[in-house]
Number of protein chains: 2
Amino acid sequence: MAFLIAQRAYIKLFLITKVEQQRGYGYQMLDQLKEEFKPFGYVPPQSEVYRALHELVQEGVLYRTKQLKGVDPSVDFQEIVLYQFTDDGYEKAKRYKKQVKADLDRCIGLLQKAATDNYA
Amino acid sequence: MAFLIAQRAYIKLFLITKVEQQRGYGYQMLDQLKEEFKPFGYVPPQSEVYRALHELVQEGVLYRTKQLKGVDPSVDFQEIVLYQFTDDGYEKAKRYKKQVKADLDRCIGLLQKAATDNYA
DNA sequence: TGATGAACAATGTGTTCATTA
DNA sequence: TAATGAACACATTGTTCATCA
C-alpha cells in the first residue's frame, strides 16, 4: 500500500464525475479542474489529465469519439476527443470510486493524525 | 507546489516530535512509528526513516551522538546513533513544523474536496 | 538479530516538445 | 491559440544488499 493516494487516481476520480454529469473532452475538463482547484493552490497538470483519460480508456471505463468542435467545418475544423462511458463503464467506474473512497478516508486519517499528534 | 505532501516530510514531522519528547535512535523511532501507524494500514519503510533523519542532520536541526546501547560493553556492544536538537535546532524545527502544518491543511482540504465533490 | 546505511531499480510526475485538417 | 499527445528528464520512493560489533 502506498503512502498517500496518487495524483493520477485523484484526477481520475474527478474525471469520472465529470463524465457522469456530461460527456466532455480533455482540454475542457482540464480547464474546469484548474478553475475548481484554484482556491487550493493546486494546478492539475495537462499531462496528468490526459494520462488519466487514457488510463480510463485502457481500463474499459470510457470510450472515445472524435468530433469537430464547431458547427461549421469551413470555419472551425478543430477536432476534439469526446469521452463517455462504455456499456459497463458506469458500473466499473462505480466500483473504482468506491475503492478510491476507502483510500481517501485512509489518507485523511493519516493527515489528521499528523495534525493532532504533532501540534500542541 | 506538489500535489500532496511527500512521505519524507511527513515522517520528518513525527521524528521531530519524537525528539522533542525524548532523544532517541533510528531503529527505536522506526518501531514506534510502525506501531502507531498499524491501525492506519501504513508501514513506514526503514529507508525513509533513516533518510529523514539524515536530512534533518543535513539541515542542521539534529545532531548525532554515537553510544553503546547496553550498560555492560562486554555483554552488549551494539552501537546506536542518538539524535537530539542542535543549538538552534529547536527553533528551526519549529519553523519547519509551521510550514508543514500549512501544507497538511492544504492537503486535507484537497482530499475532503474529493470526498464531497465525487460522492452523492 | 538489532541497528545503520547505501545501492540499485522502479515508479510517478513535471517539463518540454511535436503536431494539427 | 486550442487541443491532443508523446518524449524525456527528474525526483521520490521501494527493494535489496552490506556491514558490524
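So you know, we letter chains A, B, ... as the sequences are listed, proteins then strands, and number each from 1. Since the model is a prediction, treat every value here as computed from it, not as a measurement.
With a 6.0 Å radius and a threshold of 12 heavy atoms from other residues, nucleotides or ligands, A:F40 has its CZ atom above the threshold. Surrounding CG of A:D87 are at most 12 heavy atoms belonging to other residues, nucleotides or ligands under 6.0 Å away.
Stretches of at least 3 consecutive Watson-Crick or G-U wobble pairs, with each checked distance under 3.5 Å, appear in DNA chain D as C:2-20 with D:2-20.
Residue B:Y10 is out of contact with every strand shown, counting any heavy-atom pair closer than 4.0 Å. Among the protein residues, A:Y42 comes within range of no part of the nucleic acid, since none of its heavy atoms lies under 4.0 Å from any strand. At a threshold of 4.0 angstrom between heavy atoms, the contacts of B:F3 with the nucleic acid are absent.
For A:A6, the listed nucleotide lying nearest its side chain is C:dG12; candidates were D:dG14, C:dG12, D:dA3. The listed nucleotides are C:dG5, D:dT12, C:dT13; the one nearest the side chain of A:E48 is C:dT13. With C:dA21, C:dG5, C:dT15 as the choices, the nucleotide that has an atom nearest any side-chain atom of B:H54 turns out to be C:dG5. For A:Y50, taking side-chain heavy atoms from C-beta onward, the closest of the listed nucleotides D:dG5, D:dT13, C:dG5 is D:dG5. Residue B:Q78 places its side chain closer to D:dA21 than to any other of D:dA21, D:dT13, D:dG5.
Using a 4.0 Å cut-off, no side-chain N or O of A:R8 falls inside it from OP1 or OP2 of C:dG14. Applying the 4.0 Å criterion to OP1 and OP2 of D:dA2, one finds that A:K69 has every side-chain N and O outside that range.
Of the charged side-chain nitrogens involved, at least one lies within less than 4.0 Å of a carboxylate oxygen, so that B:R8 and B:E55 count as a salt-bridged pair.
Taking atom NZ on A:K66 and atom C1' on C:dA21, their separation rounds to 12 Å, with Å as the unit. When rounded to the nearest whole Å, the span between CD of A:E55 and P of C:dG12 equals 8 Å. Spacing between atom CD of A:Q28 and atom P of D:dT4 amounts to 9 Å, rounded to whole angstrom units. Rounding to whole angstrom units, CG of residue A:L82 and P of D:dA3 are separated by 11 Å. We find that CG of A:D31 is positioned 7 Å from P of D:dA3, with the value rounded to whole Å. Rounding to whole angstrom units, CG of residue A:L33 and C1' of D:dA3 are separated by 16 Å. Look at CG on B:L68: it is 18 Å from P on C:dG2, rounded to the nearest Å. Taking atom CD of A:E79 as the reference point, atom C1' of C:dT19 lies 12 Å away to the nearest angstrom.
Interatomic distance, CD1 of A:I108 versus SG of B:C107, reported as 11.0 Å (0.5 Å rounding).
Both A:Y25 and B:Q7 sit near DNA chain D, but only A:Y25 has its closest nucleotide nearer the 5' end.
With contacts defined as side-chain heavy-atom distances shorter than 4.5 Å, the pair B:E20/B:Q84 does not qualify.
Closest heavy-atom contact between B:V61 and B:A93: CG1-CB, 4.0 Å.
The cationic group of A:K113 lies under 6.0 Å from the six-membered ring centre of B:F37 and within 45° of the ring axis, placing it in a cation-pi geometry.
At a cut-off of 3.5 angstrom, the base of D:dG14 holds at least one donor-acceptor pair with the side chain of B:R51.
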Exercise for the section: Check step by step if side chain to side chain donor-acceptor pair (under 3.5 Å) holds for B:Y83 and B:R23. Expected result: CA-CA 6 Å; B:Y83 289 91; B:R23 69 195 180 140; over 6 Å; no
